[in-house]
Amino acid sequence: MKELLLKKFRFYKDLGDKTFAQLSDIQFVWSYNSESNSIANLVQHISENIESRWSNFLPEDFEKSKIHREIVFKKDVQSKAELIEGWERGWAVLFRVLNQIDYGTWQKIISIGEEKHSILDEVSRQLSSYAYHIGQITYIAEMLKDEAGKTLAIPKNISENNTLALLKNQIAEEIQENSSPVCFAKSDEIRDDYKL
């Protein structure tokens with residue numbers, strides 16, 4: 001379970017990293033209007049949230065008093081380089097903590113304000129939150145880069161070819177017999193166009 005969660009967190013961090021690499025300093029701080037967040041605002045929010053929440057993770061209340069969501073979004077934005085430095089620092093804290101969690105820790109109950117949650121619940125909640133905000137970042141970047149940007153997802157109109165390519169690249173010994181047409185390409189129950 002830990003490896004799966006680490007893989008998911010790394011995927012979203014990597015998505016952010018690849019997005020930042022495509023952006024100029026000016027694009028990093030651009031916002032649609034005065035009420036909208038820039039990529040810089042979102043990076044600052046994610047970074048400070050990660051570092052605050054995951055520092056001293058088990059000994060303290062997970063919902064630490066120093067997290068003030070609205071203040072983070074209204075703070076003066078730092079330079080792109082400073083924000084990426086904070087981004088890296090926050091993720092380093094998160095990965096260090098996740099690597100320390102062992103099998104017996106997942107069901108341990110922690111406090112989040114007035115509520116009690118298992119560590120697994122809270123890790124899942126944070127994964128969803130970071131994925132949501134990184135999705136916002138990639139969407140803003142796609143609008144800013146328009147045709148010049150490199151897509152970080154499967155480009156439009158090639159999903160069928162991509163699925164077939166993924167199936168053909170599977171290691172034969174790892175393909176299971178089952179009725180799912182996409183995941184299990186050796187089954188007799190699948191459509192011909194999904195067979196390897």
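Sequential numbering from 1 along the given sequence is applied to the chain's residues. Please read all numbers here as calculations on a predicted model, not as lab measurements.
Remark: W106 CH2 to Y103 OH distance equals 11.5 Å, nearest 0.5 Å. One finds the CD1 atom of I140 at 7.5 Å from the CG atom of L144 (value rounded to the nearest 0.5 Å). Here the CG-CH2 distance, from L94 to W54, works out to 5.5 Å after rounding to the nearest 0.5 Å. Atom CD1 of I84 is separated from atom OG of S47 by 9.5 Å, given to the nearest 0.5 angstrom. Taking CG from L98 and CG from L6, the interatomic distance works out to 5.0 Å, rounded to the nearest 0.5 Å.
A donor-acceptor pair under 3.5 Å is absent between the side-chain atoms of S52 and the main chain of N49, judged by distance alone. Distance alone, capped at 3.5 Å, places no donor-acceptor pair between the K108 side chain and the I119 backbone. Remark: the backbone N or O of H45 is not paired with any side-chain donor or acceptor of E48 at under 3.5 angstrom. Checking side-chain atoms of N99 against main-chain N and O of F95 turns up a donor-acceptor pair under 3.5 Å. Under a 3.5 Å cut-off, the side chain of Q27 and the backbone N or O of S24 do form a donor-acceptor pair. Proximity of a side-chain donor or acceptor of K2 to a complementary backbone N or O of I101 within less than 3.5 Å is detected. Panel note: side chain K80, backbone L23; a donor-acceptor pair is recorded below 3.5 Å.
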Do K8 and K13 pass the side chain to side chain contact (heavy atoms under 4.5 Å, CB included) test, and can you show the C-alpha distance, the side-chain angles, and the key distance before you say yes or no? CA-CA 9 Å; K8 294 295 183 187; K13 179 191 181 294; over 6 Å; no
Verify side chain to side chain contact (heavy atoms under 4.5 Å, CB included) between E88 and D17, making sure each step is shown before the conclusion. CA-CA 9 Å; E88 293 295 337; D17 293 341; 3.8 Å; yes
Go through the steps to decide whether R10 and W91 satisfy the test side chain to side chain contact (heavy atoms under 4.5 Å, CB included), and finish with yes or no. CA-CA 9 Å; R10 285 189 191 109; W91 285 100; over 6 Å; no
Starting from the C-alpha separation in whole Å, work towards a yes-or-no answer on side chain to side chain contact (heavy atoms under 4.5 Å, CB included) for R53 and E122. CA-CA 10 Å; R53 284 185 187 274; E122 190 52 33; 4.2 Å; yes
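When side chains are defined from C-beta on, I39 does not count as touching L83, because their heavy atoms never get closer than 4.5 Å. For the pair K7/F11, no side-chain contact is recorded, criterion being any heavy-atom separation below 4.5 Å from C-beta on. Taking the side chain as every heavy atom from C-beta outward, I46 and I137 approach each other to under 4.5 Å.
Here the closest non-hydrogen pair linking S38 and S31 is N-CB, 4.0 Å. Between G16 and I134, the shortest heavy-atom contact is N-CG2, 4.1 Å.
Within the structure, the ring pair (Phe, Tyr, Trp, His ring centres under 6.0 Å) test picks out the following pairs touching residues 14-42 (sequence neighbours left out): F20-F28, F20-W87.
A salt bridge is absent between D121 and R125; no separation between the charged side-chain nitrogens and carboxylate oxygens falls under 4.0 Å.
The side chain to side chain contact (heavy atoms under 4.5 Å, CB included) test applied to S124 returns L120, not counting sequence neighbours. I109 meets the side chain to side chain contact (heavy atoms under 4.5 Å, CB included) test with K116, S118; sequence neighbours excluded.
Hydrophobic clustering of Ile, Leu, Val, Met, Phe, Trp and Tyr side chains at less than 4.5 Å, counting indirect connections, keeps Y132 apart from V43.
Side-chain polar atoms of E82 and S79 form a donor-acceptor pair below 3.5 angstrom.
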